[in-house]
Amino acid sequence: MAGMTTIFRKELADHLGSRRIAVISTIIILASLSAVLSAVESPTLLQQDSAALFLSLLTERSGNLPSFLFFVTFLVPILGILLGFDAINAERQRGTLSLLISQPVYRDALINGKFLAALAAMALMMGGILALIGGISMAKLGIAPNGAEILRALVFFGAAMLYASFWLSVAILFSVLFDKTSTSALAAIALWIFLAFFVQLVAGVVADHIVPVGRESPAEEVLRHEHLRMNLMRLSPAYLLQEVSLVVLNPSVRILGPIDVCRLQGVIPSALDIGQSLMVIWPQLTALAALSIVCFGVSYIAFMRREIRS
């Protein structure tokens, strides 16, 4: 599309040279590397399967310091919001939006270029962090990631990018809907706080109300309660990413959610290959992709229909 490449290059250069992005990126990188270096010193790490030590670095926690996965789940939305909350309304406030549209640049090229540039900046940061973790594993543990671990790390990288693209789409949507950058930022942060912290509480309350259980409740009722609670929690992209990461980064996990003894009969405890793990998490990956596509689609349509005054 005409002008999209130009918009992409300009926005990517602005993101890579932005001070606020440099600050939050530095925080994410330092927090992630601190978690990995702490995991290397964990006494339980070497007790795990040596064929998946690199993957264990991403989920292992030591002491009071959370794991690398926790920092990804917690900090990536903040980065996505910072990259997108003023993508459109800041141009409108500066009076440069109508100037951009007056050039041979289509509206869809403008919003697509901004979205892809912000996503590319986050992908560069996440890819660099994973490469650093691979170097740490070779330097500290003396073990290089094998092909299966690299493939699983790439799947995790793709899931993290879907997760990041959702929050970027949310921030761009609020940037289109609200004229003030402060309002769009607060709205995106409020949604992040609700989906990250309060969905679990709401899911528990709703499940207790619909399927109440007690100490003498039969196992079937307990399973219904837990399945309902987990399905409600899956409305949160953070919980979907946690489920994907649990299966991808731990090859021995083959079932998500509460299970009964009947489902365990005849199961041979062994590690799954990447194809079998993808079959387990395919619904979660599809849900993450659908959330990102729908949210960006809504922002795309809203921007295409919004009046741009000179």
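Membership of the apolar cluster around Leu154 extends to Ile150, as traced through chained side-chain contacts below 4.5 Å between ILVMFWY residues.
Atom CE of Met304 has more than 12 neighbouring heavy atoms from other residues, nucleotides or ligands inside a 6.0 Å radius. Counting non-hydrogen atoms of other residues, nucleotides and ligands closer than 6.0 Å to CD of Gln200 gives a total of 12 or fewer.
A donor-acceptor contact under 3.5 angstrom links the side chains of Asn231 and Arg234, judged on distance only. For the residue pair Asp86 / Ser175, no side-chain donor-acceptor distance below 3.5 Å is found, with atom types taken as modelled.
A distance of 6.0 Å or more separates the ring centres of Phe174 and Phe85.
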Is there a side chain to side chain contact (heavy atoms under 4.5 Å, CB included) between Ile172 and Ile111 once you walk through the steps?
CA-CA 9 Å; Ile172 292 178; Ile111 191 171; 4.1 Å; yes
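Considering only residues two or more places apart in sequence or on other chains, Ser32 meets the side chain to side chain contact (heavy atoms under 4.5 Å, CB included) condition with Ile28, Phe68, Phe71, Ile129.
Side chain of Ser292 to main chain of Leu162: a donor-acceptor pair is present (N/O by atom type, distance under 3.5 Å, no hydrogens or angles). Ser18 contributes no side-chain N or O that, together with a main-chain N or O of Asp14, makes up a donor-acceptor pair within less than 3.5 Å.
Arg152 and Ser277 make their closest contact through NH2-OG, 3.0 Å (heavy atoms, listed as atom of the first residue, atom of the second, distance). Among all heavy-atom pairs drawn from Asn250 and Leu246, the shortest one is CB-O, 3.2 Å. Contact between Leu12 and Ala120 at its shortest, heavy atoms only, is CD1-CB, 4.3 Å. When all heavy atoms of Met233 and Ala203 are compared, the pair lying nearest together is CG-CB, 3.6 Å. Shown here for Leu195 and Pro237, the closest heavy-atom pair between the two residues is CD1-CD, 3.9 Å. Counting all heavy atoms, side chain and backbone alike, Val280 lies closest to Gln284 at O-OE1, 3.6 Å.
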